[in-house]
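First the structure, in the form of structure tokens, and then the observations on it.
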Amino acid sequence: MKNYDHKKIEKKWQKEWEKSGIYKTPDEKRGAENFYTLVEFPYPSGNLHTGHWYAFSVPDIFARKKRMEGKNVLFPIGFDAFGLPAENAAIQRKINPKKWTYENIDYMRKQIKSMGASFDWTREVITADPEYYKWTQWIFLKLFKKGLAYQAETPVNWCPKDKTVLANEQVASGKCERCGTEVEQRQMKQWMLKITAYAEQLLSGLEKLNWKEEIKEAQRNWIGKSDGVLIKFSISNSQFSIEVFTTRPDTLFGATYMVLAPEHPLIKTLKNKIKNWAEVERYAKEAKKKTQLQRQKEEKDKTGVELKGIKVINPANKEEIPIWIADYVLGGYGTGAIMAVPAHDERDRAFAEKFKLPIVDRSLVDKDEIIKKVDGQKQTQYRLKDWVVSRQRYWGAPIPIIHCEKCGTQTVPEKDLPVLLPEIKDYKPRDDGKSPLAKAEKWVNVKCPKCGGDAERETDTLDTFVDSSWYFLRYCDPRNANAFAEKAKIKNWIPVDLYSGGVEHTTMHLLYSRFFYKAMYDCGLLALPLRGKLEDEPYQERRNRGIILGPDGQKMSKSKSNVINPDEYIAKFGADTVRMYLAFIGPYNEAGSYPWDPHGILGIKRFLDRVWVLAASKFFALNPQAGSDASQNLNAARTLHKTIKKVGKDIDEFKFNTAISALMILVNEIERNWKLEIGNWKLFLKLLAPFAPHLTEEIWEKLGNKNSIHLEAWPKYDQKLIEETTFELIIQINGKMRDKFEVPAGISEAEATGLTLSREKVKSILGNKKPSKIIFVPKRLINFVI
RNA sequence: GCCGGAGUGGUGAAAUGGCAGACACGCUCGACUUAAGAUCGAGUGCCGAAAGGCGUGAGAGUUCGAAUCUCUCCUCCGGCACCA
């Protein structure tokens with residue numbers, strides 16, 4: 001039989017594994033070190049796509065190998081079930097978001113199981129379950145009591161299509177990260193989390209993390225730290241002064257004018273003194289109307305209006321300089337005011353040239369002395385803004401707050417948690433900035449927990465990113481009804497040893513959950529120290545995976561009709577082939593992108609068929625000693641042990657592609673020379689087991705084994721066997737390869753030189769020239785310099 | 001503009017100071033076959049009949065030796081960006 005019946009085999013073993021519970025992870029296991037490997041849980045969109053396969057089935061290879069190495073591996077999965085897209089889809093189909101979401105979960109769970117991944121399903125977590133979001137609300141209240149959650153009137157990003165506010169992180173180039181609609185700026189009262197209080201820790205924490213530089217750098221850019229100085233400029237003939245933030249106090253002598261952001265509060269204060277008030281007001285209004293995107297488009301084309309009638313004094317030289325308002329200065333950064341130094345700053349120069357303002361080219365002065373002279377205050381600014389977490393949408397965890405006219409903002413008492421999301425008829429979002437929950441009067445009207453009088457519930461729900469900021473902790477103790485997780489159980493697993501996920505979460509989920517973890521730590525919610533490793537960072541190691549493109553090398557999308565449906569390929573070739581093909585397609589530890597090659601997958605299918613043919617031949621079972629030639633047996637064993645070393649190392653480094661190529665080389669050799677004895681064949685099967693769990697399990701059983709191959713120990717290589725007794729000596733002349741021949745491993749330089757010089761080819765190239773220098777590298781090469 | 005990553009056959013890619021292109025796809029030829037988009041075998045960087053030469057984005061440098069290290073430049077991808 002040439003092809004194996006993947007449908008039968010894969011179904012059989014998936015059932016069997018579920019029945020025997022071999023992937024169930026105990027909290028602790030005698031003699032086994034705990035190891036937590038995490039993949040980002042999926043959003044229940046309704047269908048598993050190639051990206052999911054790539055995200056789950058490839059790290060499964062790693063999890064399986066760690067388990068075979070004797071680690072007690074936590075490899076959990078769940079669903080990030082609240083959120084906008086599911087809600088939008090449900091509204092479109094005119095069905096209940098809850099129904100839609102949970103039906104999707106049921107379907108996707110089946111699909112995920114068809115991968116044959118070694119997830120422990122008994123730890124499954126669904127963020128939309130009241131048992132889960134009870135604790136999301138509980139943690140929110142802890143943050144509130146610590147002063148890390150607050151409600152404030154601020155300018156926010158409003159998506160007019162999704163009809164909700166968005167966090168800064170959810171706006172990309174001025175557009176809604178979910179639907180691509182241009183966002184508007186609105187002034188609204190919103191719930192925020194004080195992530196800025198952790199800016200410095202989020203930055204410094206990166207130093208000790210074993211993460212790729214590009215991930216750390218993206219977070220650093222996002223946090224955007226800059227060290228500078230606050231300098232006061234007094235307004236002439238007035239008691240007022242204006243503070244500016246600058247990183248270049250050394251250029252203070254060159255400051256020839258000042259610019260305020262159009263929304264700077266002092267503008268209104270000084271209304272009476274401003275002679276051209278009408279003009280100023282008009283400009284400020286227009287600037288306010290512009291979206292982020294418009295401002296960006298107009299970049300470099302500077303606009304502005306002078307505040308006529310007032311001047312400020314440059315504290316360095318006491319000269320009076322004019323004040324302008326211009327939208328190239330941002331209200332939300334620094335003090336919302338700058339000293340403009342056209343001689344040293346490109347933007348200031350462009351502005352000065354347009355409005356004919358003086359450009360004074362002065363030499364720089366000493367930073368520290370000038371700071372002292374003008375009484376400057378050193379200050380650090382961050383680009384990072386507080387995280388807006390309230391959403392004017394139905395499908396999310398209700399914010400557990402009650403508003404009482406008498407007592408103000410009150411927290412829902414712990415005993416009343418969870419605040420259940422009520423069933424309502426109309427889920428549609430509204431234009432007025434209110435959640436659809438506002439219409440659920442019965443639910444909204446409550447008694448104030450403090451005074452017992454009439455009060456109203458907060459009707460906004462929490463951003464989905466809040467739900468996912470702590471899910472990795474819940475996996476440690478997923479069914480606990482009395483705590484989000486027991487401290488002792490957290491201690492078993494946290495920090496996560498290896499977190500694999502998508503690059504798109506670098507400045508969203510990854511940053512948020514680091515913040516959550518640090519904040520929860522400060523609230524005393526975590527047991528520390530944890531496993532003697534990192535104290536205040538949740539993820540020891542993070543690796544970003546790449547993305548799978550369509551066969552045309554473009555991002556998969558329905559409009560380009562280049563979408564690969566993994567289900568089709570599973571039906572055709574089986575899960576083992578699909579997962580192994582994805583592992584083979586390119587290095588997983590680099591965030592590259594790889595086109596799906598419909599032909600390429602055939603290579604893996606052929607490989608697995610060949611393994612099956614080898615196994616089905618019963619050659620190994622019948623010939624425990626395999627070939628009769630001892631030296632051939634030794635060579636085969638040597639290749640095998642080299643492969644053990646290579647595959648083990650490559651899996652650890654997420655270089656699954658080269659691990660598979662090593663396995664292919666081994667199989668090519670077995671087929672050519674046909675000399676593996678049964679013990680060695682079994683070692684090979686164990687190497688293949690994490691990659692093709694179903695196929696290897698079937699062959700393993702056919703060999704008469706009673707226990708699963710996945711419970712076997714990962715093979716150890718024999719170092720002595722790997723060490724070669726001879727090697728191929730490369731002969732270089734002036735660094736160019738000219739010849740090579742087999743020599744004993746321990747050959748001396750003198751012996752090697754003698755043997756090399758006696759070779760015909762070398763003689764003919766050297767002629768009667770004498771080498772001026774000979775470089776001999778043991779076990780590699782000899783180089784003659786002439 | 002600042003920062004980070006990357007550029008290697010027709011394609012996905014190996015090799016991180018020592019034989020460039022492992023492994024796989026594709027392609028060519030052959031075998032088996034009624035058949036082949038199945039399977040097996042041989043070949044496959046470029047030029048050349050061969051000997052040989054050339055070749056890792058471009059150019060320089062370091063080195064006995066560079067895809068790999070250094071510098072300059074070009075291109076692509078990503079983060080930030082009128083952030084003072």
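Chain A is the first sequence line, chain B the second, and so forth, proteins listed ahead of strands; every chain is numbered from 1.
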- Map A:F784 and A:K646 onto RNA chain B by nearest heavy atom, then report which one ends up closer to the 5' terminus. A:K646
- Between A:W222 and A:E214, who's closer to the 5' end of RNA chain B by nearest nucleotide?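 Residue closer to the 5' terminus by nearest nucleotide: A:E214.
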The side chain of [X] lies closest to which of these nucleotides: [options]?
X: A:S661; options: B:rC23, B:rC19, B:rC3; value: B:rC23
X: A:N668; options: B:rA24, B:rC25, B:rC19; value: B:rA24
X: A:I665; options: B:rA84, B:rC64, B:rC23; value: B:rC23
X: A:M737; options: B:rG4, B:rA20, B:rA38; value: B:rA20
X: A:L602; options: B:rA13, B:rA84, B:rG26; value: B:rG26

Using atom [atom1] of each nucleotide, how far apart are [N] and [M] to the nearest Å?
N: B:rG55; M: B:rC47; atom1: P; result: 15 Å
N: B:rC64; M: B:rA13; atom1: P; result: 36 Å
N: B:rA6; M: B:rG57; atom1: C1'; result: 11 Å
N: B:rG12; M: B:rU62; atom1: C1'; result: 34 Å
N: B:rG65; M: B:rG17; atom1: C1'; result: 8 Å
N: B:rA20; M: B:rC54; atom1: P; result: 12 Å
N: B:rU28; M: B:rU33; atom1: P; result: 23 Å
N: B:rC74; M: B:rA14; atom1: P; result: 28 Å

Looking across every strand, which nucleic acid part, if any, lies under 4.0 Å from [X] by heavy atom: base, sugar-phosphate, or nothing?
X: A:G600; answer: sugar-phosphate
X: A:N783; answer: base
X: A:E728; answer: base
X: A:R220; answer: nothing
X: A:F245; answer: base
X: A:I775; answer: base
X: A:V785; answer: sugar-phosphate
X: A:N657; answer: sugar-phosphate

Please report, rounded to the nearest Å, how far the [atom2] atom of [N] is from the [atom1] atom of [X].
X: A:D250; N: B:rA84; atom1: CG; atom2: C1'; value: 13 Å
X: A:I585; N: B:rC23; atom1: CD1; atom2: C1'; value: 14 Å
X: A:K212; N: B:rG78; atom1: NZ; atom2: P; value: 17 Å
X: A:M508; N: B:rG79; atom1: CE; atom2: P; value: 10 Å
X: A:H264; N: B:rA84; atom1: NE2; atom2: P; value: 17 Å
X: A:K779; N: B:rC19; atom1: NZ; atom2: P; value: 17 Å
X: A:Q219; N: B:rC3; atom1: CD; atom2: P; value: 20 Å
X: A:Y581; N: B:rU11; atom1: OH; atom2: P; value: 15 Å

Would one find a side-chain N or O of [X] under 4.0 angstrom from OP1 or OP2 of [N]?
X: A:Y333; N: B:rA84; result: yes
X: A:R610; N: B:rU39; result: no
X: A:K740; N: B:rC19; result: no
X: A:R383; N: B:rC82; result: no
X: A:K736; N: B:rC54; result: yes
X: A:S226; N: B:rA84; result: yes
X: A:R738; N: B:rC19; result: no

Looking only at side-chain N and O atoms, does [Y] offer a donor or acceptor that is under 3.5 Å from a partner on [X]?
X: A:T507; Y: A:E169; value: no
X: A:R383; Y: A:N221; value: no
X: A:Y717; Y: A:T643; value: no
X: A:Y581; Y: A:D597; value: no
X: A:Y257; Y: A:E306; value: no
X: A:S204; Y: A:E207; value: no
X: A:S513; Y: A:Y539; value: yes
X: A:E742; Y: A:T726; value: yes

- Message: Quiz question: going by heavy-atom distance under 3.5 Å, is there a donor-acceptor pair between the base of B:rG1 and the side chain of A:E346?
- Response: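 Such a pair does not exist between side chain and base.
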- Assess whether one donor atom and one acceptor atom, taken from the side chain of A:N221 and the base of B:rC80, lie less than 3.5 Å apart.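 By the distance-only test, no, there is no pair.
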- Query: Within 45 degrees of the axis of the six-membered ring of A:F654 and under 6.0 Å from its centre: does A:K649 put its NZ or CZ there?
  - Reply: no
- Item | Basic-acidic side-chain contact under 4.0 Å: A:E263, A:K288 | no
- Item | RNA chain B base-pair string [pairs: Watson-Crick or G-U under 3.5 Å; |: paired with another strand] | (((((((..(((.....[....)))((((((.......))))))(((....)))..(((((..]....))))))))))))....
- Task: Classify the glycosidic conformation of B:rG7 as syn or anti, calling it syn when the angle lies within 90° of 0.
- Result: anti
- Message: Please confirm whether the ring centroid of A:F584 lies under 6.0 Å from the ring centroid of A:F656.
- Response: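 That pair fails the under 6.0 Å test.
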